[in-house]
Number of protein chains: 2
Amino acid sequence: MRETILPRPRRSGCPINLTLEQLGDRWSLIVIRDIMFGNRRTYGELLAQSEEGIASNILADRLKRLTAAGLLTRRPDPGHRQRGIYSLTEAAIQLVPLLAHMAAWGRRHTRPSKELSVRAELLEKGGASLWNAFMDELRHLHLGAPRPARSVLDELQRAYERAVARRR
Amino acid sequence: MRETILPRPRRSGCPINLTLEQLGDRWSLIVIRDIMFGNRRTYGELLAQSEEGIASNILADRLKRLTAAGLLTRRPDPGHRQRGIYSLTEAAIQLVPLLAHMAAWGRRHTRPSKELSVRAELLEKGGASLWNAFMDELRHLHLGAPRPARSVLDELQRAYERAVARRR
DNA sequence: TCGCTCTACTTGCATATTGCAAGTAATCTA
DNA sequence: TAGATTACTTGCAATATGCAAGTAGAGCGA
């Protein structure tokens, strides 16, 4: 049974605080990151391919919350009626610059693994024009907008694969 | 007695994840925001002037954690030996663009109060050059760098006060 | 149509984190 | 030296997280 999620009262009207109230926990942005950069669209994909090993109940909870908050939408898979396909909303797509900055900060001030920071580096070097191209691509993949010429997702994926290959 | 904080094992080497492991909770960035934008430097100031009403034990815990993580430093107040004065480190100062993006996202996708989003608006419109000026000012206030000509803190504060005055 | 497998979640329970209220000891002030 | 402040702690209830197991469809092959 789908339980209702009781909304917490807002702590203040500060926009930083309100962003934190929606996304300030240890998993919400991980889920969005995986849908966004990993193009994982279903519960099963998100669970099985989770780099951080998210627990199944937490994933279910976050998918519910993020959908309720207007960051994700869920539509049934026509070929498999039990399955839901999750898409980013425009609000979630506009988190691209935020995630890019988080990646850039993490690259500088934590000790990330080499392979996993290749994407972050590319994202940082590409700057706003790359982010915009990526957002256009996400609008195509998630909102049905026309397919743009450039696929940033492919670029990131290829860079990552080169890094993994170089490793050996 | 100061308890030791047991470090959690890292979930993955992804830089976004590592940033989240340090800052992905409901209070850490609020504390940094208040030190950064509100220039609150002591426990008492942070507690009493907290817009969101942080609990005293959570504040104490976060000050410890953030200090251990290298985002804050604590030095004793020469005029009041019990009191600690907290300063941002360079790593924390480099969160300015991240907080600016959080503020911008919150302004667009949540329902912030008008007065409190004035600063966010200014921060967004000012862009990277404003952020850099602000970071220089923070390096002066927290790291002993020379005082820059421009005070972004003053500009933000005046804009906020004008907004509050306009309200009446 | 029967049974098998797969999948999208739930559920139960232990542990960790949060939040409130109260407490304490060190410091400052008169 | 007495009283007020301040910088935290502590106790406890409520909530969130994490692990392991369970369940109710749905798809599929015979």
Side-chain angles (χ1 to χ4, degrees), chain A residues 1-12 17 20-31 34-35 40-68 72 74-86, chain B residues 1-12 17 20-31 34-35 40-68 72 74-86:
Chain A
M1 188 175 99
R2 295 209 144 216
E3 285 177 45
T4 55
I5 298 169
L6 45 150
R8 295 173 282 214
R10 55 145 65 181
R11 302 183 297 188
S12 87
N17 172 59
L20 234 31
E21 289 193 24
Q22 296 227 344
L23 303 169
D25 71 270
R26 289 162 45 74
W27 289 110
S28 295
L29 283 174
I30 293 287
V31 170
D34 283 352
I35 299 177
R40 272 145 225 172
R41 302 299 293 270
T42 64
Y43 178 88
E45 286 173 5
L46 285 162
L47 189 67
Q49 302 170 48
S50 169
E51 184 83 22
E52 287 82 15
I54 190 170
S56 61
N57 54 343
I58 307 287
L59 175 58
D61 178 79
R62 289 307 181 277
L63 288 171
K64 264 187 241 173
R65 268 183 212 279
L66 291 170
T67 302
L72 300 178
R74 184 200 140 110
R75 84 185 123 89
D77 183 338
H80 186 318
R81 270 174 306 174
Q82 188 182 16
R83 170 152 46 212
I85 296 182
Y86 292 94
Chain B
M1 188 177 96
R2 292 207 145 216
E3 284 178 48
T4 55
I5 298 168
L6 48 150
R8 294 173 282 214
R10 55 146 63 181
R11 302 183 297 189
S12 85
N17 171 59
L20 234 30
E21 290 192 24
Q22 297 227 344
L23 303 169
D25 71 270
R26 289 162 44 76
W27 289 109
S28 296
L29 283 174
I30 292 287
V31 171
D34 284 352
I35 299 177
R40 273 148 224 169
R41 302 298 291 271
T42 65
Y43 178 88
E45 287 172 6
L46 285 162
L47 188 66
Q49 302 171 47
S50 169
E51 183 84 23
E52 287 82 15
I54 190 170
S56 62
N57 55 344
I58 306 286
L59 174 58
D61 178 80
R62 289 307 182 277
L63 288 171
K64 265 186 242 171
R65 267 181 212 280
L66 290 170
T67 302
L72 301 178
R74 184 200 141 109
R75 83 183 124 91
D77 182 339
H80 187 316
R81 269 174 307 174
Q82 188 183 16
R83 170 150 49 211
I85 297 182
Y86 292 93

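Residue numbering restarts at 1 for every chain, and letters A, B, ... go by the order of the sequence lines. What you see below is based on every heavy atom in this structure, not just the backbone, and it leaves out hydrogens, waters and symmetry mates.
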**Prompt:** When the nearest nucleotide of DNA chain D is assigned to B/Gln82 and to A/His80 on a heavy-atom basis, which residue is associated with the more 5' position?
**Reply:**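 The residue whose closest nucleotide sits nearer the 5' end is B/Gln82.
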
**Prompt:** Quick one: on DNA chain D, does B/Asn57 or B/Gly44 contact a more 5' nucleotide (nearest heavy atom)?
**Reply:**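 In this pair, the answer is B/Gly44.
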
Provide, to the nearest angstrom, the distance between the [atom1] atom belonging to [X] and the [atom2] atom belonging to [N].
| X | N | atom1 | atom2 | result |
| --- | --- | --- | --- | --- |
| A/Tyr43 | C/dT7 | OH | C1' | 9 Å |
| B/Ile85 | C/dT27 | CD1 | P | 16 Å |
| A/Glu21 | D/dA16 | CD | P | 13 Å |
| A/Ile30 | D/dG18 | CD1 | P | 11 Å |
| B/Asp77 | D/dT6 | CG | P | 12 Å |
| B/Lys64 | D/dT10 | NZ | C1' | 11 Å |
| B/Ile58 | D/dG11 | CD1 | C1' | 14 Å |
| B/Trp27 | C/dG19 | CH2 | P | 6 Å |

**Prompt:** For B/Thr67 and B/Leu63, which heavy atoms make the closest approach, and how far apart are they?
**Reply:**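 In this case the closest contact between B/Thr67 and B/Leu63 is OG1-O, 2.6 Å.
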
**Asked** Which pair of heavy atoms, one from A/Tyr86 and one from A/Leu72, lies closest together, and at what distance?
**Response**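 A/Tyr86 and A/Leu72 have their closest heavy atoms at CD2-CD1, 4.5 Å.
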
**Message:** Once side chain to side chain donor-acceptor pair (under 3.5 Å) is applied, do any residues pair with A/Arg26, and if so which ones, sequence neighbours excluded?
**Reply:**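 For A/Arg26, no residue satisfies side chain to side chain donor-acceptor pair (under 3.5 Å) once neighbours in sequence are set aside.
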
**Request:** Remember a base hit wins even if backbone is also touched, and classify A/Gly79 as base, sugar-phosphate or nothing at under 4.0 Å, heavy atoms.
**Result:**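 If one applies the 4.0 Å heavy-atom cut-off, A/Gly79 turns out to touch the sugar-phosphate alone, with no base involved.
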
**Message:** What's A/Arg62 touching, base or sugar-phosphate or nothing? Going by heavy atoms closer than 4.0 Å.
**Reply:**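 It contacts sugar-phosphate atoms only.
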
Is there a side-chain polar atom (N or O) of [X] under 4.0 Å from OP1 or OP2 of [N]?
| X | N | value |
| --- | --- | --- |
| A/Arg81 | D/dG27 | yes |
| B/Arg74 | D/dC8 | yes |
| B/Arg83 | D/dA7 | yes |

**Message:** On the side chain of A/Thr42, is there an atom forming a donor-acceptor pair with the base of C/dT7 - under 3.5 Å, no angle test?
**Reply:**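 When only heavy-atom distances are counted, A/Thr42 does not reach the base of C/dT7 through any donor-acceptor pair under 3.5 Å.
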
**Item:** Worked check of salt bridge (charged side-chain N to carboxylate O under 4.0 Å, His left out) between B/Arg10 and B/Glu21
**Value:** CA-CA 8 Å; B/Arg10 55 146 63 181; B/Glu21 290 192 24; over 6 Å; no

**Item:** A/Arg11 or A/Ala60, whichever maps to the more 5' nucleotide of DNA chain C
**Value:**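 Upstream on the strand: A/Ala60.
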
Would you compute the distance between atom [atom1] of [X] and atom [atom2] of [Y] and round it to the nearest 0.5 angstrom?
| X | Y | atom1 | atom2 | value |
| --- | --- | --- | --- | --- |
| A/Leu20 | B/Glu52 | CG | CD | 9.0 Å |
| A/Asn17 | A/Gln22 | CG | CD | 11.0 Å |
| B/Ile58 | B/Leu47 | CD1 | CG | 11.5 Å |

**Message:** Using C1' atoms of five pairs at each end, report the bend of the helix from C/dT1-D/dA30 to C/dA30-D/dT1 rounded to 10 degrees.
**Reply:**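 It comes to 20° between the two terminal axes.
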
